[in-house]
Amino acid sequence: MLVEHLIEPDFLTGVVASRRNYNDFLREFSRQSPRVVGQLQKFSKFRRKTLTTQSEQANEDQQGMLIELLNFIEETCLVERCSGIDGNLSFFENCVNAHQQFPSHVFCLNEHLEQRIEGVDILFSSDLNNGIGSLSNQKLVQKDLDKMAEVTADFLRLSSNITFVDPYFSERIGMLNPMIKFIELCQTNSPLESKNISILARLCTKHESDQPSAQFMLDALTGHQDFSFIGIESLSVSLLREKPQGELLHNRYIISGLGALLWGIGLDERHSEVNDDVVMLNEEIFSKRFEQYSELKVFDVADSA
């Protein structure tokens, strides 16, 4: 549920040519939107190239917008892909090479060209006059393993540090199989070399003595697959204890620096026609959930492995 864009520096100067284009870009690349930006080279080099590309005739407002736009991309929607740039090739050719290494979705180019790559959309600077169309941030997903994998595959492979939150996560096969699949998808066709994954569940204080430990659940996962061989750098399971009169741990999420997916029913598979609403959170709610779960500033860790 992410759509990766490979963006030519000149394209961004077209974005800041008008305040409307600039606002469209900010809206469509916010964390609530599935649009993200792939990093073809170190962002510091991309920043310098973009700033030197801007015309000397650009006014002060346009210069300021370009700096703000670059800061926004780096802080909000940057995929840590580093395919590299070959100076002997056009930007389009570099995009094609990067896409052939690890699939992308959209090339954002300054000059119009007729060449096309199967499976890739192209957005030209001239298209900005028509506005940037909105992409849906919500999907109705059947609670079938293949369908659940389909909606999460791009989110997982393009993210680096990923937190799964399911209060009721257990070694039950309906919970275990989707989680194993999700972890495998984190590294399938991923432009990132390694991933760090955390799984968070709730400690049930009423039945604490009967609840499987974090180590037991981690062993249940790794007993099916040695994830280190597929580039998973770290994998942990934690049981969280709710604080008295504090925040309740009851919703299900998949969270990374690129955004957060809220699952209405849960991360388990159900052999029926049950559907689930999967929604990307807006910036305000994302920031709150990231602080709660990825930074663990709200709950106490009762057990971890």
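One is the number of the first residue; the rest follow in order along the sequence. Just so it is clear, the structure is predicted and the values come from calculations on it, not from any experiment.
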query = More than 12 heavy atoms of other residues, nucleotides or ligands under 6.0 Å from CD of Gln41: is that the case?
reply = yes

inquiry  = Please give me the minimum heavy-atom distance between Glu171 and Leu176, naming the atom from each residue.
reply    = O-CD2, 3.8 Å

inquiry  = Would the distance check show the side chain of Lys195 and the main-chain N or O of Leu235 forming a donor-acceptor pair, the cut-off being under 3.5 Å?
reply    = no

inquiry  = I'd like to know whether NZ of Lys243 has more than 12 heavy-atom contacts from other residues, nucleotides or ligands below 6.0 angstrom.
reply    = yes

message = So, taking the atom named CG in Asn137 and the one named CE in Met1, what distance separates them when rounded to the nearest 0.5 Å?
response = 6.0 Å

key: Minimum heavy-atom distance Ile197-Cys186, with the two atoms named   = CD1-SG, 3.7 Å

ask   = Under a 4.5 Å side-chain heavy-atom rule over Ile, Leu, Val, Met, Phe, Trp and Tyr, are Ile132 and Leu78 clustered together?
value = yes

task = Apply side chain to side chain contact (heavy atoms under 4.5 Å, CB included) to Gln292 and Lys297, showing your working.
result = CA-CA 5 Å; Gln292 289 175 331; Lys297 291 186 176 180; over 6 Å; no

message = Any non-hydrogen side-chain atom of Val96 less than 4.5 Å from a side-chain atom of Glu93?
response = no

inquiry  = Quick check: is Leu185 connected to Met280 through a chain of hydrophobic side chains (ILVMFWY, heavy atoms under 4.5 Å apart)?
reply    = yes

inquiry  = Could you tell me if the side chain of Val106 sits less than 4.5 Å from the side chain of Val120, heavy atoms only?
reply    = no

key: Under 3.5 Å side-chain donor-acceptor pair for Gln215 and Asp219   = yes

ask   = Measuring from Ile255:CD1 to Glu295:CD, what's the distance to the nearest 0.5 Å?
value = 10.5 Å

Nearest heavy-atom neighbours spanning Pro103 and Glu4 = O-OE1, 3.7 Å

message = What verdict does the side chain to side chain contact (heavy atoms under 4.5 Å, CB included) test give for Val278 and Gln138, after you've listed the backbone C-alpha separation in whole Å, the side-chain angles of each residue and the deciding distance to 0.1 Å?
response = CA-CA 6 Å; Val278 182; Gln138 182 171 347; over 6 Å; no

key: Pairwise distance CG(Leu109) to CD(Gln115) - rounded to 0.5 angstrom   = 10.0 Å

message = Can you confirm whether Pro167 sits close enough to Arg252 that some side-chain heavy atom of one is under 4.5 Å from a side-chain heavy atom of the other?
response = yes

query = Between the side chain of His5 and the main-chain N/O of Val37, is any donor-acceptor distance below 3.5 Å?
reply = no

inquiry  = Looking only at side-chain N and O atoms, does Asn196 offer a donor or acceptor that is under 3.5 Å from a partner on Asn161?
reply    = yes

request  = Taking the side chain as every heavy atom from C-beta outward, state whether Asn71 and Arg47 have any pair of such atoms under 4.5 Å apart.
outcome  = yes

task = Report yes if the distance between the aromatic ring centroids of Phe72 and Phe29 is under 6.0 Å, otherwise no.
result = no

message = Tell me whether Thr50 contacts the main-chain N or O of Pro9 through its side chain, where contact means a donor paired with an acceptor under 3.5 Å.
response = no

task = May I ask you to decide if Asn129's main-chain N or O and Arg20's side chain share a donor-acceptor pair within less than 3.5 Å?
result = yes

inquiry  = Given 3.5 Å as the limit, does a donor-acceptor pair link the side chain of Asn21 with the main chain of Ala17, or not?
reply    = no

task = Output the distance between atom NZ (Lys42) and atom CZ (Arg48), rounded to the nearest 0.5 Å.
result = 9.5 Å

note = d(Cys108 SG, Asp10 CG) to nearest 0.5 Å is 12.5 Å

message = Are more than 12 heavy atoms, taken from residues, nucleotides or ligands other than Glu80, located less than 6.0 Å from that residue's CD atom?
response = no

task = Using a strict cut-off of less than 4.0 Å between a Lys/Arg side-chain nitrogen and an Asp/Glu carboxylate oxygen, indicate whether Lys139 and Asp277 qualify as a salt bridge.
result = no

key: Arg31 side chain vs Glu283 backbone, donor-acceptor pair below 3.5 Å   = no

remark   = Heavy atoms of Ser159 and Leu258 approach each other most closely as OG-CD1, 3.8 Å

query = Per the side-chain contact (heavy atoms from CB on, under 4.5 Å) rule, which among Ile254, Ile285, Leu281, Val165 passes with Leu262?
reply = Leu281

request  = Search all heavy atoms of Leu267 against all heavy atoms of Asp166 and return the closest pair with its distance.
outcome  = N-OD2, 3.2 Å

Residue pair Phe182 / Met148, side-chain heavy-atom distance below 4.5 Å = yes

task = Would you kindly confirm whether Val279 and Tyr253 end up in one hydrophobic cluster when ILVMFWY residues are joined by side chain heavy atoms under 4.5 Å apart?
result = no

remark   = Between Gln142 and Lys147 the two heavy atoms that sit nearest each other are O-CB, 3.5 Å

task = Without swapping roles, check the side chain of Asp268 against the backbone of Pro178 for a donor-acceptor pair under 3.5 Å.
result = no

ask   = Would you say Phe107 and Asp121 make side-chain contact, with heavy atoms under 4.5 Å?
value = no

task = Measure the shortest side-chain to side-chain distance between Ile7 and Phe25 over non-hydrogen atoms and say whether it is less than 4.5 angstrom.
result = yes

ask   = Do Leu218 and Met179 share a hydrophobic cluster, counting only Ile, Leu, Val, Met, Phe, Trp and Tyr and linking them when any side-chain heavy atoms are less than 4.5 Å apart?
value = yes

key: N/O donor-acceptor pair under 3.5 Å between Ser33 side chain and Glu28 backbone   = yes

request  = Show your reasoning for whether side chain to side chain contact (heavy atoms under 4.5 Å, CB included) applies to Phe164 and Leu200.
outcome  = CA-CA 6 Å; Phe164 295 91; Leu200 307 179; over 6 Å; no

message = In this structure, is the centre-to-centre distance between the rings of Phe46 and Phe43 below 6.0 Å?
response = yes

ask   = Phe299 and Tyr293: aromatic ring centres closer than 6.0 Å?
value = yes

request  = To the nearest 0.5 angstrom, please state how far the CD atom of Glu284 sits from the CD atom of Gln32.
outcome  = 11.0 Å

ask   = Side chains of Asn110 and Phe124: does their closest heavy-atom pair fall under 4.5 Å?
value = no

key: Phe91-Ile117 co-clustered via ILVMFWY side chain contacts under 4.5 Å   = yes

message = Could you check whether any side-chain N or O of Gln62 sits under 3.5 Å from a backbone N or O of Ser18, counting only pairs where one atom can act as donor and the other as acceptor?
response = no

Stepwise side chain to side chain contact (heavy atoms under 4.5 Å, CB included) check, Tyr22 with Leu69 = CA-CA 8 Å; Tyr22 171 77; Leu69 199 62; 4.0 Å; yes

message = So for atom CD, which belongs to Glu193, do other residues, nucleotides or ligands contribute more than 12 heavy atoms lying within a distance under 6.0 Å?
response = no

message = If the threshold is 4.0 Å, N to carboxylate O, is there a salt bridge linking Asp61 and Arg19?
response = yes

query = Donor-acceptor pair, Asp276 side chain versus Gly264 backbone, under 3.5 Å?
reply = yes

ask   = Thr13 and side-chain contact (heavy atoms from CB on, under 4.5 Å): which partner among Gln54, Glu8, Met65?
value = Gln54

